[in-house]
Amino acid sequence: LEAKEEFSHKTLAMDVMRPRRSDPPLTVLTQDSMAVEDAEALVAETTYSGYPVVVSRESQRLVGFVLRRDLIISIETARKKQDGIVSTSIIYFTDHSPPLPPSSPSSLKLRNILDLSPFTVTDQTPMEIVVDIFRKLGLRQVLVTHNGKLLGIITKKDVLKHIAQMANQDPDSILFN
Ligand code: ADP
């Protein structure tokens, strides 16, 4: 009985991941439908270290993960050095450029900065296991999925805060000691 009770109170990945139920949705990039200016706006409006890349907002199928700094540098470099790259150029992370109307500006391939196999766990994974994975693999973040769809993200700092909460300690004391 006791063991069962303990199990039912186990914290799961879905309890720790962001966004929380009341938060706005995860900030993502789409694989071949965002313009340079859309990505620039997203980087300007958020401070996240990285962004999951999905097939489309409707599908939420995970394609990979892009680091903020790589995205910023690649766009800046392309704007300066690559002919035809303008605000309305479409960014694509796929192998080939998506079909676009003939009048469209050159598109920008950013596949080289895409991590194609970011670590993922399902929303039902117990946090004990997530903590173990972070420790053993030295991860910066894991993505959380349900039935193959992207649901959320857990960063190293989220894990540290969770551990601190479990230990009933001030989170700062764990983070900075
Ligand atoms: P850190 O957790 O080290 O501060 P971030 O700045 O990337 O790293 O993340 C800050 C918070 O926002 C974390 O709680 C994380 O779970 C969440 N987060 C990270 N990336 C995203 C994203 N792309 N969309 C929404 N929330 C995110």
Side-chain angles (χ1 to χ4, degrees), residues 10-76 91-94 108 110-177:
K10 241 182 193 174
T11 312
L12 305 176
M14 62 175 296
D15 305 319
V16 174
M17 71 173 198
R18 304 304 160 113
R20 293 290 163 82
R21 258 177 281 276
S22 52
D23 290 346
L26 205 58
T27 303
V28 297
L29 296 161
T30 55
Q31 69 173 359
D32 62 2
S33 57
M34 280 174 81
V36 164
E37 62 190 357
D38 302 329
E40 285 171 337
L42 191 142
V43 160
E45 286 158 14
T46 62
T47 58
Y48 306 127
S49 317
Y51 305 95
V53 177
V54 294
V55 172
S56 64
R57 276 178 212 288
E58 306 72 57
S59 78
Q60 288 294 311
R61 297 274 158 202
L62 180 64
V63 173
F65 193 77
V66 166
L67 290 178
R68 172 196 187 79
R69 58 162 189 275
D70 292 342
L71 184 64
I72 293 173
I73 292 169
S74 296
I75 292 177
E76 270 178 17
I91 292 176
Y92 64 103
F93 296 94
T94 45
L108 173 57
L110 291 184
R111 193 171 177 81
N112 61 322
I113 60 166
L114 180 65
D115 174 358
L116 282 161
S117 359
F119 210 95
T120 62
V121 297
T122 70
D123 56 341
Q124 298 301 313
T125 309
M127 274 310 291
E128 282 173 25
I129 292 176
V130 176
V131 169
D132 220 40
I133 292 170
F134 267 89
R135 286 213 175 103
K136 289 184 174 145
L137 302 181
L139 301 175
R140 303 288 317 174
Q141 72 280 315
V142 299
L143 298 174
V144 182
T145 60
H146 179 82
N147 286 342
K149 288 191 181 196
L150 179 65
L151 269 197
I153 186 168
I154 301 176
T155 66
K156 183 175 170 183
K157 222 182 256 184
D158 293 330
V159 170
L160 290 172
K161 280 187 206 153
H162 166 72
I163 295 171
Q165 256 172 26
M166 292 291 106
N168 227 342
Q169 284 181 26
D170 173 16
D172 290 341
S173 72
I174 287 197
L175 282 175
F176 300 113
N177 286 332

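Atoms considered below: every heavy atom in the structure, side chains included; atoms not considered: hydrogens, waters and symmetry mates. Each ligand, and each atom within it, is numbered from 1 in the order the structure gives. The shown structure was predicted, so the numbers you read here are calculated from the model rather than taken from an experiment.
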Open item on the list: If you count heavy atoms of other groups shown closer than 6.0 angstrom to CZ of R135, is the number above 12?
Closed with: no
Task: Passing option when Q31 is tested against V54, V55, L110 for side chain to side chain contact (heavy atoms under 4.5 Å, CB included) - done: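 Considering V54, V55, L110, a side chain to side chain contact (heavy atoms under 4.5 Å, CB included) with Q31 is found only for V55.
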Open item on the list: Could you check whether any side-chain heavy atom of H162 comes within less than 4.5 Å of a side-chain heavy atom of V130, counting everything from C-beta outward?
Closed with: no
Are there any protein N or O atoms under 3.5 Å from the N or O atoms of ligand 1? List them with distances, or say none.
{"from": "ligand 1", "atom 1": "2 (O)", "to": "T155", "atom 2": "OG1", "distance (Å)": "2.6"}
{"from": "ligand 1", "atom 1": "7 (O)", "to": "S49", "atom 2": "N", "distance (Å)": "2.9"}
{"from": "ligand 1", "atom 1": "7 (O)", "to": "S49", "atom 2": "OG", "distance (Å)": "3.1"}
{"from": "ligand 1", "atom 1": "14 (O)", "to": "D158", "atom 2": "OD1", "distance (Å)": "2.6"}
{"from": "ligand 1", "atom 1": "14 (O)", "to": "D158", "atom 2": "OD2", "distance (Å)": "3.3"}
{"from": "ligand 1", "atom 1": "16 (O)", "to": "D158", "atom 2": "OD2", "distance (Å)": "2.5"}
{"from": "ligand 1", "atom 1": "23 (N)", "to": "T27", "atom 2": "O", "distance (Å)": "3.0"}
{"from": "ligand 1", "atom 1": "23 (N)", "to": "G50", "atom 2": "O", "distance (Å)": "3.3"}
{"from": "ligand 1", "atom 1": "24 (N)", "to": "T27", "atom 2": "N", "distance (Å)": "2.9"}

Side-chain donor/acceptor of [X] to backbone N/O of [Y], under 3.5 Å:
{"X": "R61", "Y": "R57", "result": "no"}
{"X": "T155", "Y": "D158", "result": "yes"}
{"X": "D132", "Y": "I129", "result": "no"}

